[in-house]
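This report concerns only the one structure given below.
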Amino acid sequence: MNLEILDGEIIGVLPLINHPISEGMLCIKGWNAHQFIGSEKRILKPLIKEDTEFREASWDEALDFSAEKLKEIMEKYGSDSIGFLSSAKCTNEENFLMMKFARAVIGTNNIDHCARLCHASTVTGLSIAFGSGAMTNSIPEIEEADCILIAGSNTTEQHPLIGSRIFRAKERGAMVILVDPREVQLAKIADIYLKPKPGTDVAWINGFAYVILQEGFEDKEFIKEKTEGFEEFKKVILEYSPEKVEQITEIPKEDVVKAAKIFATAKNSSILYSMGITQHTTGTNNVLSLANLAMLTGNVGKSGSGVNPLRGHQNVQGSCDMGALPNMYSGYQKIEDEVIKRKFEESWRVKLPSRNGLTVVEMMNAALEGSIKGMYIMGENPVVTDPDLNHVKNALKNLEFLIVQDLFLTETAKYAHIVLPAASFAEKDGTFTNTDRRVQRVRKAIDPIRDSKPDWEILCNLAKRLGSNGFDYKSPEEIFEEIACLTPIYGGINYNRIDSESLQWPCRTLDDKGTKYLHQGRFTRGLGLFTPIDYKPPAESPDEEYPYILTTGRVYFLFHSNTMTGVSPSLSSELEEGFVEINPKDASGLNIRNGEKIKVSSRRGELEIKAFITERVKKGVIFIPFHFSESAVNVLTNPALDPEAKIPEFKVCAVKIEKI
Amino acid sequence: MKNRVEELLSKGVILGFLGLIVKNGFPLPHLFTNVNRCDLEFLSIEESRYPLVKIFLKLISKYQDQKFGIMVRGCDERAIIELAKLNQINLNNVVMLGVACSEEMAKKCLCKIPYPSQFVFGERINSSYNKGGLKEEIERMSIEERENFWKNQFKKCFKCYGCRNVCPICICIKCCLEDQDLIKKGEIPPEFPVYHLVRAIDVAGRCIDCGLCEEVCPANIPLRAIHKKVLEIFETVFSYEPGRSLEEMCPLNFPGEISSKELKTKSD
C-alpha cells in the first residue's frame, strides 16, 4: 500500500500497482488506513496514573518509573510474576525484541499474543500433521486451484483480496465449496454451500473422508509414499457415514456426498480456513481433520493446493515466527530444546528460563489468582478481545503494575498504571510477514506523531534502564540481522534482498530463493501424519436454561476491538453499533422485532444489543460481532480452552435471549 | 521528459511536477520539486496507471494559486479538461507534459484516443481500440440474460469504494454512495442495482473512460462496460463526448452546476 504524503502529513492511501499480492487493489480498510494514523484520538504523551486519573509525563519519567516497578516486582515475586502480551500489529523486529525483553531481561517465558486467540490451533495442528504450522501454499496459487474448499472463513469480508482470487479462480472454472454456519457473501457465489451447526466440523470433515474412501477416490500412492497413520485414521472414518454426519451437523447427506466427490476429483484442491475452524475447544482436532482430508486426496506439496489458514493481522504470522509465544523462540525453535536454548544464551549472554510460559488466557487466570503481578501489553486490547471479559477486567484490576503501549487509550489502557504512546506502521521501518510466509518491508512515511515512539525504540530504552546491554540497536535493520542469525527459517533474508521484492520463508541461505509452497517432495516432519479424530461436542451445548448457540465473529468494515477502525470516519459510519443476527423463526417465537434491543445472557454475563432478523443464521443460532466495546460479546463467551493450543471457544457457547 | 521537468522547475515556471518515480522496485506517484530535484534521476514514464489527476486535485486544493506540472496520458488530459469545465482545475496553473501510450497499452485499455493533444514522449497510435469487448457481448444478450449477468457480477462487490476513490472526475464533497437515504450502510454486497446505478448515473456525462475503476476493482466487476455504454448513448443522442473539448458543455448539466459558486470547492 502507498501512503499519500503532502508536507509531512498523510492525506490518503493508494493501492500499490504491481505488488504480487494486492496487485493494485485494496479493501475498504486499506483505502481508509490513513484516517486512524492521523486521528486526533492518538495518545500524545506518556501517561502515568495518579489515584484514578492519568497525567502526562515525560518519556524519561515514564520509563524510569516503569523500569523501577518492573525491577521491584521481579525482586519481590520473581521473574515469572510478570507477563507479556506482544502484538500482531507490530513489526517482526518489535516482536522479536519483546520476546528478547521478556526472556533475556526479565527472565520469563510468559509471553504470548493474540495469535493464541485466532490460529493457535493451526500452529499445533499443522505442526503435528505436517511439521510446519503455517499456510502451506501462496496466495497467488489460489487462482490455480480447480476446487476451493472454504471452511469457517468469511473470506470476502475478512480477507477481501484473497476473496478476489477466489472470484478469479471461479471465473476460470474452479468449483467453490463453502462450509460456514453463517450464510455469508461467499455463500451466494459458491457452487455448493453447506450450513453446519456450529462446532460440528470434525463430523463433516470425517464425512467427506468417508465418501472419498467409499468411492475409492483417495490418492493411494500419495498415502503410501508420503504419509503414516492411515490405517488407524481409516478405522475412525468408517464410522462417519453421511447419515450420521447429517445427524450431527444438520448438513443434508446428499450435499456431503456431492461436495466430497467434487473435492476429491478435482486436479488441484485447495483448503482455505479461518476462525470458524480454529476457535473451538476442538480447534486442533478440526485443523488435524482438514490436514487428514488434504493428505487423503494428495493435495499437499504441490502448487494450487494445500491447507491454507488465512491469518488476520498484517503481521500475525510474523509475531508467531518471532517467538512471541510461551514455548518457542523465533522460528518455532522449542524452549525445551537444550541446544537451542544454549544458542540463544550464548548470543544474548544471559541465562534463559527453561520452563514454558503462560498463554494469553492462562496469564489472565494467573493475574486473578495472584501469581502474575505485573503485565506489559503492547498493542493489544484484551478487555474487548479475550473471552469472558468480566473475568479479564477483574484480573487486570488485580495487577500491581500494568504497562500498556498503544496508539490509543484503549479499554485495556484504562486499567494501566503507565500508558506509553506508540507510533503506527506509517511512522517506522521494519518488516511484516503476511499469511503466506512472505517477508516484506514496511517503510517509514512520516515522523512519529507528537511524542509517540516506535515500539522497538521504547523496548530498547526500557531494556537499557533495566541494565541490559543487548539492546543497542541503531535501526530495525540491525535487529533483523540478529533475527536472521538466530532463526534458520529467516536465515537467508536481509533488508537488501527484500528491498524491492519479498521472500517467503523458509529461506535459509543467501542463495535460497524462498519457498512458494511447503512440503514439496516430502513433508517437513518427514512423513505426513494422519491422526484419527472423533467428533466431540463443544464445551458448552444449549440446554433448557440457555437454549441458543452463540457464535461470534467480525464484520467487513471494522477491525478487531475497533480501536483503529472506530476512529476512522469512513469506516465507523458504515456500522455504528453492534447487533445480534437472529433467525426469523426464533425472532417470531420470542416476539422480537427487527431493530429492537434485546438482552442476551450466558453463564458468564449479559448484554443488551439490537436485533437483526436474518436468514443468514439458522434457527437456534445467533451471531454477534466482537468489535464493539459498548456491546462486547466477549462478556458472554466461554473461556474453555483447546487442550493443545489453549485457544478459547469463541465460536460456540450457550445463551438465552430475552425481550427487554 | 526529465530535461523538460528540470527546465520548468529551475526556471520557476512550476512549483512541482507530479509524475512517476521508480522506488524500491515499484513505479510510484511522486511530486518532483526543486528541493528533491535529485529524484529526477528516477523519474519514470512506465505504463503503470496511477490516478495522477486525482492526486493532483489534492495537491492544488492545498496550493490553490500555484502552478504545477503533471504527466498526462490521453485519459488524464481528458479528465483535466472535464475538471476545468467543472471549475476544479484552472488550466492557467497547469503545465501538462504528455505521454502517448504504446499500442500494447492502448489495446489493454480498450482506448479510443491513447494520446494527449500534445506530447513530449511516445508515438501516436492511430488505430482505435474502443470497439469490441464485453459491452458488445452484453448487447447481444436478452434483457433477462443481461440482468442475470449483472446480478452475478454485482453480488461479488464488497464495497471498497475503490471505483470512486480512483475516479478522476469523482469530486463531490458528499458522495451519494454514502448517502444513507439512497444506499443502506454497512451492508455487503450493496443493494442491487441501486449502488452501481447511482455511481453509473453520477459519472454519466463526465466519465472520460479511463478504466481505472475496473483496474482497482478487487471483485473483478467489468465496470467499464457500463461506462462505455453510457458514453455511447451520449455520443449518439447528444453528439457529446466528455473531455473532448473545453467549449462543449455536458448536456446533463443543471444550471447550478456550471456556476463557479456552486462547485468551486475542495475535492474530496
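By convention in this document, chain letters (A, B, ...) are assigned in the order of the sequence lines, proteins followed by strands, and residues within each chain are numbered from 1. Computed from a predicted structure; not experimentally measured. Note: hydrogens, waters and symmetry copies are ignored here, and every other heavy atom, side chains too, is used.
A:Pro15 approaches B:Val216 most closely through the heavy-atom pair CG-CG1, 4.4 Å. Here the shortest heavy-atom pairing between B:Asn220 and A:Glu171 reads ND2-OE1, 3.3 Å. Between A:Phe557 and B:Lys159, the shortest heavy-atom distance links the atoms CZ-CD, 4.1 Å.
Contacts between residues 23-31 of chain B and chain A, counted as heavy-atom pairs separated by less than 4.5 Å, involve B:Asn24, B:Gly25, B:Phe26, B:Pro27, B:Leu28, B:Pro29. Within residues 179-190 of chain B, the residues approaching chain A closer than 4.5 Å by heavy atoms are, in numerical order, B:Lys185, B:Gly186, B:Glu187, B:Ile188, B:Pro189. Contacts between residues 569-582 of chain A and chain B, defined by a heavy-atom separation under 4.5 Å, are made by A:Ser573, A:Glu574. Residues from residues 34-51 of chain B that place a non-hydrogen atom less than 4.5 Å from a non-hydrogen atom of chain A comprise B:Glu46, B:Ser48, B:Arg49, B:Tyr50, B:Pro51, given in numerical order.
Paired with B:Pro218 under the rule side chain to side chain contact (heavy atoms under 4.5 Å, CB included), one option of A:Ile28, A:Leu161, A:Ile162 passes, and it is A:Leu161.
Looking at B:Cys175, there are no atoms closer than 4.5 Å to chain A (heavy atoms on both sides), in backbone or side chain. For chain B, no part of A:Arg441 is nearby; none of its heavy atoms comes within less than 4.5 Å. Only the side chain of A:Asn2 comes within contact range of chain B, with at least one heavy atom under 4.5 Å from a heavy atom of that chain.
In this structure, the side chains of A:Gln185 and B:Lys155 stay at 4.5 Å or more apart for every pair of heavy atoms. Counting heavy atoms from C-beta on, the side chains of B:Phe158 and A:Tyr556 come closer than 4.5 Å. The shortest distance between side-chain heavy atoms of B:Tyr63 and A:Asp7 falls below 4.5 Å. Contact annotation: the side chain of A:Trp31 approaches that of B:Val166 to within less than 4.5 Å [non-hydrogen atoms, C-beta and beyond]. Taking 4.5 Å as the limit, some side-chain heavy atom of B:Leu59 sits within range of a side-chain heavy atom of A:Leu6.
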Begin with the C-alpha distance, continue with both residues' side-chain angles, and end with the deciding distance and a verdict on side-chain contact (heavy atoms from CB on, under 4.5 Å) for A:Leu26 and B:Asn165. CA-CA 11 Å; A:Leu26 290 170; B:Asn165 296 348; over 6 Å; no
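Top candidate by heavy-atom pairs under 4.5 Å with chain B, chosen from A:Ser164, A:Gly30, A:Ser22, is A:Ser164. Of the residues considered (A:Gly163, A:Cys27, A:Gly12, A:Pro160), A:Pro160 shows the highest number of contacts with chain B, using heavy-atom pairs under 4.5 Å. Between chain B and the options A:Asn32, A:Thr156, A:Ile5, heavy-atom pairs under 4.5 Å are most frequent for A:Thr156.
For the atom pair B:Lys54 NZ and A:Glu4 CD, the distance stands at 10.0 Å (nearest 0.5 Å). With values rounded to the nearest 0.5 angstrom, A:Met25 atom CE is found 9.5 Å from B:Cys160 atom SG.
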